[in-house]
Chemist: 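If you scroll down you'll find the structure; I have some questions about it.
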Amino acid sequence: MLNYNQALPEKKSFQDLQIEEIKPIMKLIIRGKKREFISAFGKALNILLPTESNTSTQSDKLTALWLSPDEWMLFSNKPIDENTNDYDTEKLLNNKISKINLGAITDVSDQFVMINLKGNKIYELFQTGSPFNFNNFQNKKGAVIQTILAKIGIIVHNQDKNIVNLFVRRSFSQHLFSWMNDAASRL
Amino acid sequence: MTKNLRLKTGKAIDETYRISFKFNGSTYYGFKGDTLASALLANDIHLIGRSFKYHRPRGIMTAGSEEPNAIVQLHNDSSRTEPNVRATEIEIYEGLEASSQNCWPSVNFDIGGINNLLSPLLPAGFYYKTFMWPASFWEKYEYFIRRSAGLGKSPTKPDPDIYEHKYIHCDVLIIGAGISGIMAAKIAAKNGLKTLLVEEKPNLGGSTIYQNSDHFKINNQNSGSWLEKEINEIKKLKNLEIKTRTSVAAFHGYNFLLARENLTDHLPMNQRNDKTRHKLLKIRAKKVITATGSIERPMIFDNNDRPGILLSSAIKKFADYFGVACGEKNILFTNNDSAYETAISLIQKGINIEAIIDNREEVNSKLIYEVEKNNIKIFKGYTVANTFGYKRINKISIMQLSKDGQKVVGPKIILSCDCLGVSGGWTPAVHLFTQSGGKLKFREDDQVFLPNIYPSDQLSIGACNGDFTLDEILRNTPKSLIKYLKIKNTDYDNLEVSSSTNKSKRNIWLLPSDKILGKTKSFVDYQNDATAKDIKLALREGFRSIEHVKRYTTTGMGTDQGKLGNMHALGIVSETAGAKMGELGTTTFRPPYTPLTFGTIVGRNVGEYFDIFRKTPIHDWHIDHKAEFENVGQWKRAWYYPKENENMHDAVQRESKAAREGAGILDASTLGKIDIQGTDASEFLNRIYTNAWSKLAVGKCRYGLMLNEDGMVYDDGVTTRLDENHYIMTTTTGGAANVMGKLEDYLQTEWPELDVYLTSVTDHFATVSVCGPNSKKIVSQVIPDLDLSDENFPHMSFKNAKIGNINCRVMRISFTGEHSYEINIQANYGKSVWEKCMEAGKDYNITPYGTETMHLLRAEKGFIIVGQDTDATMTPIDLQMDWIVSKKKYDFIGKRSLYRSDTIKENRKQLVGLLTDDPNEVLEEGAQIVADINKSPIEMLGHVTSSYYSPNLKKSIALGVVRGGKNMMGQKLIIPMEKKNINVIVADPVFLDKENKRLNA
Amino acid sequence: MKKKYSIFSLIRNAFSYHENWEKAWKDPTPKKEYDAVIVGGGGHGLATAYYLAKKHDMKNIAVVEKGWIGGGNTGRNTTIIRSNYLWDASAGLYDHALKIWEGLSQELNYNVMFSQRGVMNLAHNLQDVRDLKRRTHANRLNGIDAVYLNSEEVKKFCPIINTSPDIRYPVLGGTLQRRAGTARHDAVAWGYARGADEMGVDIIQNCEVKGIKRNGDVVEGLETTKGFIKTKKIGVVAAGHSSVIAEMAGLKLPLESKPLQALVSEPVKPIIDTVVMSNAVHAYVSQSDKGELVIGAGTDDYVSYSQKGSHDIVEGTLNAILELYPIFSRMRMLRQWGGIVDICPDASPIVSKTSVKGLYFNCGWGTGGFKATPGSGDLFAHTIANDEPHKLNTAFNINRFVSGDLVDEHGAAAVAH
Amino acid sequence: MFIINCPYCGEREQSEFKAGGEAHIVRPKQPTELSDDEWAEYLFMRKNIKGIQFERWNHTHGCRKWFNMVRDTSNDEIKAVYKMGEKPPVD
């Protein structure tokens, strides 16, 4: 049996701000251009891929983030079992998409660390290191953007008012986490 | 004991809160609200520092950020000390310690003062004309020049304070909270715009807020009290954010501005602990409204720089705002009405005015009548000819001006004084506007430059736009905002305003005196001691452009960036050169408007946050096992694992032996990994790699070499065919991001027709590489269900496998030349797999090795490292890797460049092995290689790229590039070092196991 | 003949209150025709004219400058002078320049304040160390004074550098060239201008080139804002604007013009008396005689002629400065500005003839041209006068981009400044 | 610092992008047919225009897409952006 070592074991709490990694979350990168691809995907999982930029769609099990006109991130709404990395969703999509050359499915569950932020200081924290204009974003439930925070590329998903999911590549995550905590400690 | 010049009232002063501070060692007192300048003046201290070149005594000249003279060294301790702080800007606090600069031994007695006597020998640009003999002596002269130059002292210890950044996006940014800024803020915010108002001073209201005279009324209230009400109102507006002590430093394109919010500099030392000192605000505003006001002009006359000579508006501010009288025998010298506002304020406060010198012949305005009523002598049509008093002005001489204002006439009158207020009219503060790329126009009647063409969505209002009088400001501000913000009306559309100022002005850039110019010292740039005669000298010597004059005379190059003198410099140049002001053009104002500390600009990107820190999933294990780390790009890679008192060499020798004799284990997680899918994946690889890929069987791995279009080696790595249309590519650690970018570039812009998708999975996988004769035994224990037999799993092939329930990919590939396996598993299981391998390897002396040993092992095998054995000048042919360059393929990136007249040359630098005569002699990497040591000029054939002592071969080995090396096998060459020459023999770069027995063992 | 500058002339003129100094250079109107016209009145251009007149006896020549002399990159750079380049060709070129620098003040009778305070390059990772050692060995064999220092020796030579092993990119070592240093940029332009003017060269300011007249493959003259100027030889030394001039002649060059920024701090008493450059954590700094810290930032990645760069570049540079010199945190940035640098793909210059007879280009100096000024002028003058390159600039011909025989200086000796 | 209107993501800060040099330099379909000079032209020679320039940018920290931009290099004013493969807008 292998042990599971998450990137950010520590959960951090500040006034009006909590920061923690949610794990394990299945994450897939979905690529495709053809129209059949979009429909095939929808049929397979009865969730439509968002085609409008900077938006997301959600089913009870899954969330799909728009990353680019031919790229999406699909992730599980709930943590999954630590002791396997056989994902039914991935298998299903492989059969319905990759195998028949409609597009590409790539498992990136550990490529990205999903950090969940809660509280009304989230955007104040972002302002200390991200050039992105969050003024409208904060009020758009389901909005998604890719930008930089502390010079590190991130994906930000507005899950709900003052609840945000931030995705960052694992090798950067500890640096970013420490940076965020340092900033948060003075907000 | 010095006298106390503190008045009863002062708008900004809290008399109930006394603060003690130190200046040049002695203790003084001031009140909350004082600046260092006002507090010193209250203590009758005028001598603050010495000037840059002549070390002349200098005092406080202004009450703001334009101050050229009163700059001090703040704090004494070596970490917090700060040079060149303007006494007029710094608020006093409990614990403040300031001292004079650029003087030794003391500001009162400064040896450097001798320069003032030598000044006839030190005209503008004198140093270009001398210090040239004897030639070798310049450094010696320079030593003294450097020591007498410079102002304050740099800290010598790290800064204990914390700085932060903040990005702000708003609809409207308003710079300056004077009366026009306040009006703009209210209008913008009330029209539903997200508005930010920034003000460099601690309080809002600019100069109007302490205006308390019946001559200036709005809706029948004194302008000051009217504005006070407005300020209280806007403080309640919800989409208006107000930031005080916040100065805009830079106005860049696309309405990107930098401002410094000062959070702790005014607090007592004991209240600053771990608070953020400054915030650098990075502001993106849809609209910018500049309301930065204007700066009063000095006037240029002989000895116009003495302590006790101030701008007239500064005297007014010190009196009205800080409740401080700058002198007891005041004289005002003016060419316009505003000095009379000062006079009236002083009269109100019972401060004595000796006389007013007005260079205008006829002057009539309510203000002047009121002053005359108080029977103060006004000399009309007069100018100050000279001033006296070394460390503080004590008298002046005045003379009548000729009609044309070019000469002085009549007798000289001497007046004694201890303070001279000067008003040369006003200069709009257009610095930020021009920084943003704005173009100016020149207004003849009062000789000012005004905003003309806006480069972005912005507007200038109030005094910085040329509206100097109250009625102009109140009339024009609402009008222009209605237009700019496209709104119907404002609260200010029908105000009743009364303002007594008469706009008449007699502008003379350089006032005449009875002396010839050459004998005078009429300062244009006070801090740098640039005088009117310096400017004329520059012109005489042929420096005609204003930029030349500036540079030759150093006018406007001081810490105040010529906020006071630049206009006069221009004026004098245009008069002398006979060019019109408008056509002469201004010198460009460069950011920052007010100097920013480096710390503020850098914010938190210091220490551990200086740069990103990338870690592998196994990083903690390396730490626990005392690894030393190497920086590779932003990664920290385990370099070697020293045991007790082992140095790097010992550790690497041990690790390398173990890897070949028992087993070695390497964390290869940092290698770039790109997931490639699509029906055209093979074709894509054909185009980007030099070798052919279509025939690679599923489940097989192949080494690939990637070139730039210029034919030079760019990156390399092993790519594995996972499935018909699915590959996983590995890249070098440092190259990963660039390779990914380059591939996407070709895919999106050159070959959009290809059905290929690239996804980076570098961080998704941990890569554990186990090598050595025992690697098979170890891996078979970690992955029991995997058949490792050579038949099933030969070298350069791959298998999917499971460890427990966890899927992983195992490649049998080798960078060491040993039989070895790379286990690629999802990152969060990586550490666990590593530990399992360590566990399984216990009996086989499995030894973790770092990058240094990896480099040694691959060198024994003659494998290259891109970037170490290659630079941007090596083709695959040069590397003797012709075998990897497909002759069949029609095209691939860089192919064409391999057939240019130079790249096909036979005697290019080529990669070879090098063996030293003395097997214990290890060459230095980077050492140069020659054939004939006596040839001159000596011809360098190449250099040593990699060099190690090989514990497995028991001799030193090296790789190098040598011109024509391909055909030099067995030839003797020489490595000339500082102290000796080392003989080497050109050898095959593969030193170990040419037959690949170990690989397939 | 101009009156010599010296302490004595200063004293003499002091008595007449400096009323009698003569013009450093005249302000002539262009003649109808010249034997050669240099386009661009920066240091390189003025030096070219100076050596054409001095060494090749071409007196009927002009320098045309669209603004004011020395107003481009000459007046905007960080004045670093060194010759410790990797490749023989570069080393030869830059050391030729350095040798001229060593006597330039005397030659021009104008104090260019060449100060050999040494230039140190730092290594922050193992590849830096290999590259710097490689370069040092090459320099030594090329007769260029350069030594390799370990981090203790670095600390000893410049004590304010943070050489702690715990910083993000520790200083592992460095190279030092003692003959290297800095000079006063304005003085170089003005000194050459004065010298050239003295030999009869016409320095024509505010004269912008609008077109280049060709007859087939031969140049005939220039259209300028001050009228047509006939000439058989045109030497273009227009730095950032080289491509613009080339386009007038119907040529394309392997250049991109990019913003390069620099900044100075407020002046302080001496705190660092050498030049320190670091490529890995992009930062280089020296202190001017006036006391300002002179700091060079990097280039942006896009083409621009706006003389403005992005703030990120300046911020990044100051990050690096504080990493290496934490004591400078409370120093203040006084001035920041941008220049336009023309960069070749191999980060080496072009000093060369072209396919058009009588048209010569001297460009592509990128971020490091100032140091080469005297050498560049001398060799370009030789090339123009003889219609053949000097052996020291043969390698820097335009044709190398066709043959592939590049002089790749960012390969190993990356610091191009 | 520019504000760049990514054709896919909308207005973003320059820090999210990387410049990719002159646009519409098509990689020769048959490089081997080219003379050294012609190849050098493709490899190295650039218009390096002062004024209206067509150039490539990549939204590296966004959608990773390459796109084209029309920019006045004399004052850095961005006139237009358009997707790869699209025709450049006529003024």
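Hydrogens, waters and symmetry mates are skipped; everything else that's a heavy atom, side chains included, is used. All values derive from a computational prediction rather than experimental measurement. Here is the naming used below: chain letters follow the sequence lines, and residue numbers restart at 1 for every chain.
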Chemist: If you round to the nearest 0.5 Å, how far is NZ of B:Lys282 from CD1 of B:Ile601?
Modeler: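 Output value for this atom pair is 10.0 Å.
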Chemist: Below 4.5 Å from any heavy atom of chain B, which atoms of D:Arg64 appear? Answer side chain, backbone, both or neither.
Modeler: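 For D:Arg64, heavy atoms of backbone and side chain both lie under 4.5 Å from chain B.
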Chemist: Of the backbone (N, CA, C, O) and the side chain (C-beta and beyond), which part of D:Ile25 lies under 4.5 Å from a heavy atom of chain B, both, or neither?
Modeler: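 When you check distances to chain B, only backbone atoms of D:Ile25 fall under 4.5 Å.
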Chemist: Quick one: which of B:Thr749, B:Asp710, B:Asn255, B:Asp745 has the most heavy-atom pairs under 4.5 Å with chain D, could you say?
Modeler: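 Of the options given, most contacts go to B:Asp745.
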Chemist: Counting heavy-atom pairs closer than 4.5 Å to chain B, which one of D:Pro31, D:Gly20, D:Pro28 comes out on top?
Modeler: D:Pro31
Chemist: Check whether the side chains of B:Thr873 and B:Asp871 place a donor and an acceptor atom closer than 3.5 Å, and report yes or no.
Modeler: yes
Chemist: Less than 4.5 Å to any heavy atom of chain D: does that hold for the side chain of B:Tyr167, its backbone, both, or neither?
Modeler: neither
Chemist: Tell me, for D:Lys65 versus chain B, whether the close heavy atoms (under 4.5 Å) come from the side chain, the backbone, both or neither.
Modeler: both
Chemist: In chain order, what residues pass the ring pair (Phe, Tyr, Trp, His ring centres under 6.0 Å) check against B:Tyr746, with sequence neighbours excluded?
Modeler: B:Trp751
Chemist: What distance do B:Ile884 atom CD1 and B:Ile877 atom CD1 have between them, rounded to the nearest 0.5 Å?
Modeler: 10.5 Å
Chemist: Where on B:Leu758 is there a heavy atom nearer than 4.5 Å to chain D: the side chain, the backbone, both, or neither?
Modeler: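 Answer is backbone: N, CA, C or O of B:Leu758 sit under 4.5 Å from chain D.
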Chemist: Under 30°, 30 to 60°, or over 60°: which ring-plane class applies to B:Tyr254 and D:Phe2, parallel, tilted or perpendicular?
Modeler: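 The rings of B:Tyr254 and D:Phe2 sit tilted, inter-plane angle from 30° to 60°.
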Chemist: Please flag which part of D:Ile3 lies under 4.5 Å from any non-hydrogen atom of chain B: side chain, backbone, both or neither.
Modeler: both
Chemist: Let's test your reading of the structure: which of D:Lys18, D:Met84, D:Glu13, D:Glu77 forms the most heavy-atom pairs below 4.5 Å with chain B?
Modeler: D:Glu13
Chemist: Between D:Trp39 and chain B, with a heavy-atom cut-off of 4.5 Å, which part of the residue counts as in contact: side chain, backbone, both or neither?
Modeler: side chain
Chemist: Classify the ring geometry between B:Tyr593 and B:His431 as parallel (under 30°), tilted (30 to 60°) or perpendicular (over 60°).
Modeler: tilted
Chemist: So which of D:Ile78, D:Asn58, D:Thr60 has the largest heavy-atom pair count under 4.5 angstrom toward chain B?
Modeler: D:Ile78
Chemist: Go through the structure and list residues passing ring pair (Phe, Tyr, Trp, His ring centres under 6.0 Å) with B:Trp693, not counting sequence neighbours.
Modeler: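 So B:Trp693 forms a ring pair (Phe, Tyr, Trp, His ring centres under 6.0 Å) with B:Tyr689.
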Chemist: Could you look at B:Ser456 and say if it's the side chain, the backbone, both or neither that has a heavy atom under 4.5 Å from chain D?
Modeler: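 Neither part.
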Chemist: Is it true that D:Glu11 and B:Lys286 make a salt bridge, defined as a side-chain N closer than 4.0 Å to a carboxylate O?
Modeler: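 No, D:Glu11 and B:Lys286 are not salt-bridged.
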Chemist: Does B:Arg896 pair with B:Asp891 as a salt bridge, N-O distance under 4.0 Å?
Modeler: no
Chemist: With a 4.5 angstrom heavy-atom cut-off, which part of D:Phe44 approaches chain B: side chain, backbone, both or neither?
Modeler: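 The side chain, not the backbone.
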Chemist: Mind ranking B:Arg900, B:Glu744, B:Glu709 by heavy-atom pairs under 4.5 Å with chain D and telling me who comes out on top?
Modeler: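 Heavy-atom pair counts peak at B:Glu709.
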